[in-house]
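Data first, discussion second: the structure below is written as structure tokens.
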Protein chains: 4
Amino acid sequence: MSEPPLRADARRNRARILAAAVEVFDEHGTSASTEEVARRAGVAVGTVFRHFPTKADLLAAIMKELQGRLAARAETLAAEGDPAALFTFFAEVVERAAGARTVVHLLAADGTDVGVDRQIAGLGEALDALLARAREAGAVRAEVRLDEVIALLTAACHGALAAGWTPDLRHRAVTRLLDALRP
Amino acid sequence: MSEPPLRADARRNRARILAAAVEVFDEHGTSASTEEVARRAGVAVGTVFRHFPTKADLLAAIMKELQGRLAARAETLAAEGDPAALFTFFAEVVERAAGARTVVHLLAADGTDVGVDRQIAGLGEALDALLARAREAGAVRAEVRLDEVIALLTAACHGALAAGWTPDLRHRAVTRLLDALRP
Amino acid sequence: MSEPPLRADARRNRARILAAAVEVFDEHGTSASTEEVARRAGVAVGTVFRHFPTKADLLAAIMKELQGRLAARAETLAAEGDPAALFTFFAEVVERAAGARTVVHLLAADGTDVGVDRQIAGLGEALDALLARAREAGAVRAEVRLDEVIALLTAACHGALAAGWTPDLRHRAVTRLLDALRP
Amino acid sequence: MSEPPLRADARRNRARILAAAVEVFDEHGTSASTEEVARRAGVAVGTVFRHFPTKADLLAAIMKELQGRLAARAETLAAEGDPAALFTFFAEVVERAAGARTVVHLLAADGTDVGVDRQIAGLGEALDALLARAREAGAVRAEVRLDEVIALLTAACHGALAAGWTPDLRHRAVTRLLDALRP
DNA sequence: GATGAATGAGAGTTCATTCAT
DNA sequence: GATGAATGAACTCTCATTCAT
């Protein structure tokens, strides 16, 4: 189960590949070629496939990392105790999605599913904490449920990526969405 | 400038191809093969390419048709004079998107852009009429602008397509979204 | 079940691909690349895959054709009524195998099996007729059974392909083998 | 000219690699990957390549070892003086081949030649002794020559590997073959 | 000497697009 | 106009071999 620690150069390459993949997939979507990822990372294709035996594995790894980062951010916010933290988090995620397809794919792997379903669960827990806090403080309506929050977040991220969403429009749309959650 | 009228069989083929393409792309996404479209339409690939020199052209044609249908529906609703028609339309479109990727692609061609940008304008006009009517009747907040409505609609459609949106969740999410527009 | 008749050029290409494949696989074994087959046939790879969606399909087609030819030859010999026809056929097949790996693969698909099993059955029937005739005439021992004949034939073909089997040696080895079948 | 004696661990590794390679190639054929061999041997690929600079070298080494073992067995049998020892040896080798591709590759490296030709010579000497003994005792026909024996043995081993050779069929086929050598 | 990560040519396969029939 | 066979670039993935650690 536990794998031996990677050699220093291997770990470095793994990281570079992951970083390159995030960039490439953010720019061209997940249909971008593995070869392009390798090129951007400055390694040979074989190296990419050594680290991620399948393109799906690469995608999954990216999503996992992203999910980890988002969940961590959510936890940090939750720890700070601000009842409106849910709104902050929501807005931040959408903002991020605006420039990166990856966030969108994490929230809704439409078709090219890569086992993201389980990862969203991890994020869900973090979100749930934020939601609970907000509910207690009366910052959101009592009947708002977790799946709705995720749904709206997903929707907003997808939308944010759509052509024509200027920063201003994005801001107004998110505001509307968050208003929908308020009492 | 003006092209000669198509022969009867050509016109018939064009329609069949379009219909088949809608089906195929709804089911498998826009990455489905042209050959599959041809097969479903009962014609040979060559015929598809004669009518639509490029896959992108085919996509654009589909979008145009869809836009036409949606705009027509919006106009019909507007003509009926119900102040809440905007909400009806909104819900209907999301419902449709839930089972068909095409609507989503129309509202936000993320990447595989096929000149949809201009088409959305046509739909915008129809939506604008609905919005104006709703505003006059006080059914929506005064400050809600057209681009926000489109943004939310886009977002909702994308979300509706996401894995895990059950009909129930879809209903609740749309309700929330529409609440966000109400005074 | 029945496919439409191929267009003239398609039929021509199919034949050329098959012929090229026989040559290539005879020379370099079944691990030779599909690209090489295409090159030899004077077509593009895509064409090979259009006719034979999988490399295994190509192999199977070759085997089927070969089996057909061998069975036909066996039937011809059987029709002529010579009690020693079994021996003639045996020697001919081995002779052929000496210069072509394909025969060997047909008789014993060792590993890279491509559904040849069923094809050998067809050949088996033809061989059985020859064997029956020989037995009646007392040309082979009474207890010799079909599977043994196939076994020895397979063995001889494999051997004939082995490095170092000169024509002379081949002749003597086959003679010994056939002696083993005689009373 | 003479190489320095290997370090103890190096000698041990060499042996383990060889043993692993025999297993792996017996199971999956010579197209099995070098990495698989290394894994089975419990060493890293680099180590395999240090000992055998090329895959072909590894194959050749295996064959040499096998040839040594078979020759030793033949000599033992020859020393015992049984006139029928040739038959015993023949049957034993075929039996072994039935479960292991390696024997077959030794006797007839069809294509992936790895310099086995010369190795068979060594085995030939041992076989020649058995043949001579059998001839003296009148156990085989006077005109049977060494190359024929090798040819039949090769053939039988190849055949034994072929799909569909049950132990029973194998026994009958070998019996037939040996009968062919008897007066 | 051993390790195992990196390399990169090459394999099988797919698909938008072209063009002879 | 319609057909469907041919094209060939592109894609994912494998593996013998090299070389930094």
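Here is how names work: the chains are called A, B, and so on, in the same order as the sequence lines, proteins then strands, and each is numbered from 1.
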key: First encountered from the 5' end of DNA chain E, between D:Arg50 and B:Ser31   =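 Taking each residue's closest nucleotide, the earlier one in sequence belongs to D:Arg50.
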Measuring only between side-chain heavy atoms, which start at C-beta, is [X] closer than 4.5 Å to [Y]?
X       : Y       : result
C:Arg40 : C:Glu27 : yes
B:Phe52 : B:Leu59 : no
D:Leu58 : D:Ile17 : yes

request  = Between C:Val43 and A:Pro53, name the one whose nearest nucleotide on DNA chain F is closer to the 5' end.
outcome  =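 First, find each residue's nearest nucleotide; the 5'-ward one identifies C:Val43.
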query = For F:dA16, does OP1 or OP2 lie under 4.0 Å from any side-chain N or O of D:Thr34?
reply =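 For F:dA16, OP1/OP2 do have a side-chain N/O of D:Thr34 under 4.0 Å.
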query = Using a cut-off of less than 4.0 Å, is there contact between a side-chain N or O of B:Asn13 and OP1 or OP2 of F:dA2?
reply =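 Yes, such a contact exists.
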A:Arg14 side, atom CZ; A:Thr47 side, atom OG1 - distance, nearest 0.5 Å =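 Between A:Arg14 CZ and A:Thr47 OG1, I get 13.5 Å after rounding to 0.5 Å.
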Rounded to whole angstrom units, what separation is found between the [atom1] atom of [X] and the [atom2] atom of [N]?
X       : N      : atom1 : atom2 : value
C:Arg12 : E:dA20 : CZ    : P     : 13 Å
C:Arg11 : F:dG4  : CZ    : C1'   : 15 Å
B:Glu35 : F:dT7  : CD    : P     : 15 Å
D:His51 : F:dT17 : NE2   : C1'   : 16 Å

ask   = Got a donor-acceptor contact below 3.5 angstrom from the B:Ser33 side chain to the B:Glu36 backbone?
value =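 Answer holds: yes.
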inquiry  = Short of 4.0 Å, heavy atom to strand atom, which residues of residues 15-26 of chain D count as contacting DNA chain E?
reply    =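 Heavy-atom contacts with DNA chain E come from no residue of residues 15-26 of chain D; none.
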inquiry  = Check this for me: does any side-chain nitrogen of one of A:Glu65 and A:Arg69 sit under 4.0 Å from a carboxylate oxygen of the other?
reply    =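 So A:Glu65 pairs with A:Arg69 through a salt bridge.
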When all nucleic acid strands are considered with a 4.0 Å heavy-atom cut-off, which category describes [X]: base, sugar-phosphate, or nothing?
X       : answer
D:Thr47 : base
A:Ala41 : nothing
C:Ala38 : nothing

Base-pair map of DNA chain E as dot-bracket, where | denotes pairing with a different strand and pairs are Watson-Crick or G-U under 3.5 Å = .||||||||||||||||||||
task = Ignoring the backbone of B:Lys55, work out which of F:dT18, F:dT3, E:dA16 is nearest its side chain.
result =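 It is E:dA16.
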query = Nearest to the side chain of B:Ala10, which nucleotide is it out of F:dG1, E:dA5, F:dC11?
reply =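 The nucleotide sitting nearest to the side chain is F:dG1.
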